[in-house]
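Here's the structure, in structure tokens; my notes come after.
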Amino acid sequence: MPGLRDVLSGPVLEVAPRLLGATLRHEDVAVRLTEVEAYDGPDDPGSHAYRGRTRRNAVMFGPSGVLYVYFTYGMHHCANIVVGPADRPSAVLLRAGEVVDGLEHARERRGSSDRDLARGPARLCQALGVHLSHDGTDLSRGDLTLTLADGPPGDVSTGPRVGLRHAADRPWRFWLTGDPTVSTYRPAAPTRRRG
DNA sequence: CCCGTGATTCTCT
DNA sequence: GAGAATCACGGGC
């Protein structure tokens, strides 16, 4: 049976759907992933890595199996799992999940209905208590761990990515068909010009 | 639909 | 450097 690192080092479009049903745990809270999105290396205009390495995206250029966390819109954190071969900066954005352990703690952090605890990339981070200090964390040890699902999680759907201005139409979003914790689809906000 | 919110990145100098 | 645009979002109406 291949190890976590072996699975995650494959091509991002193969790895992303395999992360559905996997469990990401931070201390007492665990989330079963129900929706993810692929960002594929230097040729993907939607990826943070598209314009090369910066301080923010540096961990995308490192080994697979670590968490890439960034802060955006002045208030939200989003988490990705770095995947693919080491020379290719690819990652899988964790868009939504179901809280399967530490429900009380997740409720304290979120103050929402149970369905919405991790329904969206920033909500997922908030429910898990993941923030910038976790950027670059290795997921195979420590208090932040990823466990792959034992078998196929069920039907998987594919569709366009959410909220990007560039290359959103690539059907690189994967989710568990019919799962209620999958995020609501919001197309990218139109670019507003200052007037 | 609107808009908060502030770090990051871009585009000039 | 400075100033401006951008932003893989979410809550509220």
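Throughout, protein chains are lettered first and strands after them, A, B, ... in sequence-line order, and every chain is numbered starting at 1.
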Check: A:Y70 and A:D135 side chains under 4.5 Å, non-hydrogen atoms:
no

Could you give the distance from CG (A:L144) to OG1 (A:T137), rounded to the nearest 0.5 Å?
5.5 Å

Would A:V99 and A:V31 count as a side chain to side chain contact (heavy atoms under 4.5 Å, CB included) if you check the C-alpha gap in whole Å, the side-chain angles of each, and the deciding distance to 0.1 Å?
CA-CA 4 Å; A:V99 175; A:V31 166; 4.1 Å; yes

Is any side-chain heavy atom of A:L148 less than 4.5 Å from a side-chain heavy atom of A:L4?
yes

Nearest whole Å is fine: how far is C:dA8 P from A:D40 CG?
17 Å

Determine the contact category for A:R110: base if any of its heavy atoms lies under 4.0 Å from a base atom, sugar-phosphate if only primed atoms, P, OP1 or OP2 are that close, otherwise nothing.
sugar-phosphate

Tell me, with the steps shown, if A:V162 and A:Y185 meet side chain to side chain contact (heavy atoms under 4.5 Å, CB included).
CA-CA 7 Å; A:V162 176; A:Y185 177 74; 3.6 Å; yes

Shared ILVMFWY cluster between A:V92 and A:L164, side chains joined below 4.5 angstrom?
no

Please set out all donor-acceptor pairs under 3.5 angstrom arising from side-chain atoms of residues 16-23 of chain A, sequence neighbours excluded.
none

Mind running a 4.0 Å heavy-atom check of residues 82-98 of chain A against DNA chain C and sending the residues that fall below it, in number order?
A:L93, A:R95

Residue from A:S90, A:P85, A:S9 passing side-chain contact (heavy atoms from CB on, under 4.5 Å) with A:S64:
A:S9

Base-pair string, DNA chain C, Watson-Crick plus G-U, cut-off 3.5 Å on both distances, | for inter-strand, is |||||||.||||.

Do any of residues 116-129 of chain A sit with a heavy atom less than 4.0 Å from DNA chain C, and if so which?
A:G120, A:P121, A:A122, A:R123

In a check of side chain to side chain donor-acceptor pair (under 3.5 Å) between A:Q126 and each of A:R110, A:H131, A:R109, which one passes?
A:R110

Using whole Å, report how far CG of A:N80 lies from P of C:dA8.
11 Å

Can you give me every donor-acceptor pair (side chain of residues 73-83 of chain A, partner residue at least two apart or in another chain, under 3.5 Å) with its distance?
unit_1 : atom_1 : unit_2 : atom_2 : d
A:N80  : ND2    : A:Y68  : O      : 3.3

Between C:dG11 and B:dT8, how many Å separate the two P atoms, rounded to a whole number?
23 Å

Any carboxylate oxygen within less than 4.0 angstrom of a Lys/Arg side-chain nitrogen, looking at A:D138 and A:R5?
yes

In whole Å, what is the span from the NE2 atom of A:H76 to the P atom of B:dC3?
16 Å

When rounded to whole Å, the NE2 to C1' distance for the pair A:H166 and C:dA8 reads 12 Å

Is it true that A:R88 and A:D43 make a salt bridge, defined as a side-chain N closer than 4.0 Å to a carboxylate O?
yes

I'd like a table of atom pairs between the protein and nucleotides 6-9 of chain B - only N or O on both sides, under 3.5 Å - with the distance next to each one.
unit_1 : atom_1 : unit_2 : atom_2 : d
B:dG6  : N2     : A:Y73  : N      : 3.1
B:dG6  : N2     : A:G74  : N      : 3.3
B:dG6  : N3     : A:G74  : N      : 3.3
B:dT9  : OP1    : A:T54  : OG1    : 2.4

With rounding to the nearest 0.5 angstrom, report the CG to CG distance, A:L128 to A:L67.
9.5 Å

